[in-house]
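Here's the structure we're looking at; comments come further down.
What you see is a predicted model, and the numbers here were worked out from it, not measured in a lab.
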Amino acid sequence: MKNKMDKITIKMTDLTKTFGDTTAVDHLNLGVQEGELFGLVGPDGAGKTTTMRMLTAIMRPTSGDAVVAGHSILHAGEQIKENIGYMSQRFGLYEDLTVIENIHFYADLFLVPKPERPQRIERLLGFSNLTPFKNRRAGRLSGGMKQKLGLACALIHTPKILFLDEPTNGVDPVSRRDFWKILYDLLKEGITIFVSTAYLDEAERCTRIGLMHQGKLLIQDVPNHVKQALGLPMFQIWVTDVRRAKAFVQERQGIKRANIYGDSLHVTVARKEVVNQLIQDLQAQGFTINGQREILPSLEDVFISMVAEK
Ligand SMILES: Nc1ncnc2c1ncn2[C@@H]1O[C@H](COP(=O)(O)OP(=O)(O)OP(=O)(O)O)[C@@H](O)[C@H]1O
C-alpha cells in the first residue's frame, strides 16, 4: 500500500501571476503532500495571497498550472472548490447573524445535506470552543473567536485541504496559540493544511515551509533544515549598549551580519574562531560582555539573510 505521506495533493508547476509590470508570483514549483501542514512564509507583498487565490481557483494564473486534490486549477475550479476550505484574510462573516446562523449560511452555500448538519455543527462548535457562544452575534465576538468561527465555517463541508491566508493576523497571542492547537487537531484527522503567515514563530510550527520573497520561493524544507541552510555559525552575545556595539561589530572582518535581539546581538560569523577576537575587541572598546553562546539561527535570521543576499 502506498504510504499516505507519499501522496502529493497540491502540485504547482511554474505557477505565475503578473499584474501589469508586477510579477506577484514568479514560476512557483512546489508540492505539498497529503497530511502536511505546509507554511508559505514571507513578508507583506511577497505574493502569498495571490498564490492562495490561484490555488483555490478564485484567480486564474497568467501562466503555469497547479493540481489541487487531483484537479487542475485551469480546468476544474468547481471540483476544487468542493474539496477545499478557504479562509481568506477578509472572510465573510455576517456580523448580524449569530454564530450558529453563520455556520448554517455556509452549510447552505456548500449544499451540505440537511440531515448531516446538526452533528457536524455540534462537532465544529465543540472543537472551536464556541458552543457557549453559539447564539451570540458574530459582531460581538472577540477577534480570536471570529477567527475560530471563520475556521468552523470553512470546515462545514469537510474539505480535504484547508487553505488559511494569514489566519491569525491581528489576533492576540493566547488566541493564536489556541488557533494553532485546533490546526494540530485537524491535522491528526488527516486534513492537509496550507497556511500563509508573516509570523516566523508560526512558521516554525509547520511540518514544512517555503520562504517566499518578491514572488519567488527562496527555499522549501522542514523548518530545521531551513535554519541549517544558513550554514554559517551564529553567536548570541550579551553586551552593554547594543546599538553602538552592533555598529562596531558589523564593520569587523569576518562578520557577516549582526542583529539586535533585546539586550543581545545575534552575530553571524564566517568562521567560529572570529568570535574570541571579536569579544576581546569589544572589551577593548569599553563594552561589557555579559555572556556569549553559539546558537541555531532562528527562521527570522535565515529569512533576513536570504533576502539580504538577493
Ligand atoms: N489585484 C491586484 N492588482 C495589482 N497588483 C496586485 C493585485 N494583487 C496583488 N498585487 C501585487 O502583487 C504583489 C503580491 O501581493 P500579495 O497580496 O499576493 O502578497 P502577500 O504576500 O499576500 O502580502 P499581504 O500579506 O500584504 O497580502 C504585491 O506587489 C501586490 O501589490
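Using modelled atom types, no side-chain atom of T16 and backbone atom of T62 make a donor-acceptor pair closer than 3.5 Å. No side-chain donor-acceptor contact under 3.5 Å links K17 to the backbone of T51. Although no hydrogens or angles enter the test, the distance criterion places a donor-acceptor pair under 3.5 Å between the side chain of R60 and the main chain of L74. The closest donor-acceptor contact from the side chain of N29 to the backbone of D14 lies under 3.5 Å. At distances below 3.5 Å, not a single donor-acceptor pair connects side-chain atoms of Q250 with backbone N or O atoms of A247. In this structure, the side chain of E101 engages the main chain of T98 through a donor-acceptor pair within 3.5 Å. Looking at T22, its side chain never comes within 3.5 Å of a backbone N or O of A24 through a donor-acceptor pair.
Taking a 6.0 Å sphere around OH of Y94, one finds it holds 12 or fewer heavy atoms contributed by other residues, nucleotides or ligands. In this structure, K81 places its NZ atom where more than 12 heavy-atom neighbours from other residues, nucleotides or ligands lie under 6.0 Å away. At most 12 heavy atoms of other shown residues, nucleotides or ligands fall within 6.0 angstrom of atom CD in E122.
Annotation: side-chain hydrogen bond (donor to acceptor under 3.5 Å, both in side chains) contacts involving residues 124-136, sequence neighbours excluded, are absent.
Interatomic distance, OG1 of T13 versus CG of L28, reported as 10.0 Å (0.5 Å rounding). In this structure, CG in L141 is found 7.0 Å from CG in L130, a value given to the nearest 0.5 Å. Rounding to the nearest 0.5 Å places CG of N169 at 8.5 Å from CD of Q147. Atom OG1 of T192 and atom CG of L186 lie 11.0 Å apart (nearest 0.5 Å). Of the inter-residue distances, the one linking E294 atom CD with I237 atom CD1 reads 11.5 Å to the nearest 0.5 angstrom. In this structure, the separation between CD1 on I295 and NE2 on H266 is 3.5 Å, given to the nearest 0.5 Å.
Using a cutoff of 4.0 Å between basic side-chain nitrogens and carboxylate oxygens, E95 and R137 are not scored as salt-bridged. Contact check on D108 versus R117 returns a salt bridge, with a Lys/Arg side-chain nitrogen under 4.0 Å from an Asp/Glu carboxylate oxygen. Of the charged side-chain nitrogens involved, at least one lies within less than 4.0 Å of a carboxylate oxygen, so that R252 and D281 count as a salt-bridged pair. Ion pairing between a basic and an acidic side chain is recognised when a charged N comes within 4.0 Å of a carboxylate O; K148 and D178 show such pairing. With salt bridges taken as basic N to acidic carboxylate O contacts below 4.0 Å, one links E189 and R123.
No donor-acceptor contact under 3.5 angstrom links the side chains of D165 and S88, judged on distance only. S175 and D172 are linked by a side-chain donor-acceptor pair at a separation below 3.5 angstrom, with hydrogens and angles left out of the test. Side-chain atoms of W180 and E202 include a donor-acceptor pair closer than 3.5 Å. Between the side chains of S264 and Q236, at least one donor N or O lies within less than 3.5 Å of an accepting N or O.
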Worked check of side-chain contact (heavy atoms from CB on, under 4.5 Å) between T50 and F19: CA-CA 10 Å; T50 307; F19 298 105; 4.0 Å; yes
Residue pair I193, I191: steps toward the side-chain contact (heavy atoms from CB on, under 4.5 Å) verdict: CA-CA 6 Å; I193 303 176; I191 195 165; 4.0 Å; yes
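Y199 carries R176 over the face of its six-membered ring, with the cationic atom under 6.0 Å from the centre and within 45° of the normal.
Residues L218 and M212 have side chains not in contact (no heavy-atom distance under 4.5 Å, counting atoms from C-beta outward). Side-chain contact between I10 and I161 is present, with heavy atoms from C-beta onward closer than 4.5 Å. Inter-residue side-chain proximity for I8 and V32 is flagged as unmet; no heavy-atom pair is nearer than 4.5 Å.
Ring planes of F194 and F38: parallel class, angle under 30° (limits at 30 and 60°). Ring-plane geometry between Y86 and F163 is classed as perpendicular, the angle between the planes exceeding 60 degrees on a 0 to 90 degree scale with a lower cut at 30.
Residues A203 and T197 share a closest heavy-atom pair of N-CG2, 4.2 Å. Between V112 and I156, the closest heavy-atom pair is CG2-O, 3.8 Å. For the pair A138 and L149, the tightest heavy-atom approach, listed with the atom from each and the gap, is CB-CD2, 4.1 Å.
Residues meeting the ring-ring contact (aromatic ring centres under 6.0 Å, His included) test with H157, sequence neighbours left out: F110.
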